[in-house]
Asks: 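Take a look at this one; I'll ask things after.
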There are 2 protein chains.
Amino acid sequence: MNAPAQIKKGRKFDQVIEGARTVFMREGYEGASVDEIARDAGVSKATLYSYFPDKQHLFLAVLQSECAQQAEVEFLMDAGDLSVEETLRVICTSLITFFLSTFGQDMFRVCVAEAQRFPELGRTFYDSGPKKWGRKIALYLDSPKARAVLEIEDTLLAADQLAQLCRADLMLKVLFGIEKDPPEAEIDRIASEAVKTFLARYRRR
Amino acid sequence: MNAPAQIKKGRKFDQVIEGARTVFMREGYEGASVDEIARDAGVSKATLYSYFPDKQHLFLAVLQSECAQQAEVEFLMDAGDLSVEETLRVICTSLITFFLSTFGQDMFRVCVAEAQRFPELGRTFYDSGPKKWGRKIALYLDSPKARAVLEIEDTLLAADQLAQLCRADLMLKVLFGIEKDPPEAEIDRIASEAVKTFLARYRRR
DNA sequence: CCGAAACTGAACCAATTGGTTTACATTATC
DNA sequence: GATAATGTAAACCAATTGGTTCAGTTTCGG
């Protein structure tokens, strides 16, 4: 359907992307050297440069692929006959778990770092992450089942508030290395508190 | 009181720090070259290296100074005879304004980017920013005036929830370049919604 | 107005950067 | 088993990097 933009050819393509992913996530764009990427990917520099015209395109290819993967993240919602409150708890728990995951943290870190240098990257990340989840949550909040229990004027904002509540306490602590791997109990607590606050505001009276 | 750690000597010290600040904030650590910093500071490289032993120490000096400045940020609270609700609104408005300010965004961006490479930086930033404000807000929430109106078990968590609610919608949009300079009306709206949600949960019944 | 401290500009260094090329090896596929 | 696509390793490139040195100016306190 789309012209592959004269990128990608041979069989070691995935190796290259994978190696680049590793190094870029660890070192950032400027911190990562092409030699190191090639070494880590177990591939010669010539091969690498036969796939991508330069470092920028390689970087963007990696980030693009990661954003696509990020867009696929599913937080099981609406699964069966859960109550609205239970559903919200499930949503929050999966959100928090993702925020604190290595993948989620790495993505966030390098996209924050490089959104200036690569303006389109910022938009891509935002669209495939926060925006997409916000939309999805808002969709649920607008569903009949939820509307029976909740009363919300601006569901998009409400969805974002819920997501932000999920970042309480833990998110920044992990991001700045204050805490490494929060116990599940702590995650459950934050999720529970997020739902409580959310329902206090939006539960139908 | 403290040994100045054989850093800092002469009259152009501030120029150097200022130039370094500019370039580091714009380019990040790896992206910033010492030559560019010296140029921007209007100072010879020799002078620069007479102040700091190497690039790392210069970077850390800048960030340390910025963190100190960050710690001084005051969101006027408890100012006079405002009601609790009014006070919360003032807190939120100043928080949001800071989050969206050039300084706040730059600090957040480079600290997120480099917290891996400079682990102590992450802690310093977190302590002088989020943690300090959280403590301060919690202090207010624990005050008699606030306690008369609010009922909170975990004031530190509540404070953090409030701060997170202030990041709804706008924070990530600005961080990733989707929106440049949100109008004051929008800021007020987010602040208002944050307070509403907060009070819904924690107002004494 | 002198002497010392601070500062400059430019040359210099070894190492590394992103990127190219060449001469040879490994794969597939038919 | 020939052929053409993919791959390799290493040498090579010019440019830039962080960092040093030094002979010469500027600045300023006493």
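So that the names make sense, note that chain A is the first sequence line, chain B the second, and so on, each numbered from 1. These numbers come from a predicted model, not from an experiment.
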Asks: Where the side chain of Tyr51(A) is defined as all heavy atoms beyond and including C-beta, which of dG18(D), dT8(D), dT6(D) is the nearest nucleotide?
Replies: dT6(D)
Asks: Does Ala32(A) reach a base, just sugar-phosphate, or nothing at all? Heavy atoms under 4.0 Å.
Replies: sugar-phosphate
Asks: Students often mix this up, so state it plainly: with edges at 30° and 60°, are the rings of Phe118(B) and Tyr29(B) parallel, tilted or perpendicular?
Replies: perpendicular
Asks: For the residue pair Trp133(A) and Phe98(A), does the interplanar ring angle fall in the parallel (under 30°), tilted (30 to 60°) or perpendicular (over 60°) class?
Replies: perpendicular
Asks: Heavy atoms under 4.0 Å, any strand shown: does Thr47(B) hit a base, just sugar-phosphate, or nothing?
Replies: base
Asks: Check each of Thr124(A), Leu121(A), Leu58(A) against Leu63(A) using the side chain to side chain contact (heavy atoms under 4.5 Å, CB included) test, and report the only one that passes.
Replies: Leu121(A)
Asks: Could you check which of dT21(C), dG18(D), dG9(C) has an atom nearest any side-chain atom of Asp35(B)?
Replies: dG18(D)
Asks: On the nucleotide dT16(C), are OP1 or OP2 found under 4.0 Å from the side-chain N or O atoms that Ser33(A) carries?
Replies: no
Asks: Check whether any side-chain nitrogen or oxygen of Tyr49(B) sits under 4.0 Å from OP1 or OP2 of dG19(D), and answer yes or no.
Replies: yes
Asks: Aromatic rings Phe108(B) and Phe176(A): how do their planes relate, parallel, tilted or perpendicular, breaks at 30° and 60°?
Replies: perpendicular
Asks: Assuming nearest nucleotide by heavy-atom distance, tell me which of Leu48(A) and Glu30(B) is located more 5' along DNA chain D.
Replies: Leu48(A)
Asks: For the side chain of Arg11(B), starting at C-beta, report the closest nucleotide among dC7(C), dG18(C), dT8(C).
Replies: dC7(C)
Asks: With respect to the phosphate group of dG7(D), does any side-chain polar atom (N or O) of Lys12(A) fall under 4.0 Å of OP1 or OP2?
Replies: no
Asks: Under 4.0 angstrom, heavy atoms only, what part of the nucleic acid is Gly42(A) near: base, sugar-phosphate, or nothing?
Replies: sugar-phosphate
Asks: What contact category does Lys45(A) fall into here, base, sugar-phosphate, or nothing, at under 4.0 angstrom with non-hydrogen atoms?
Replies: base
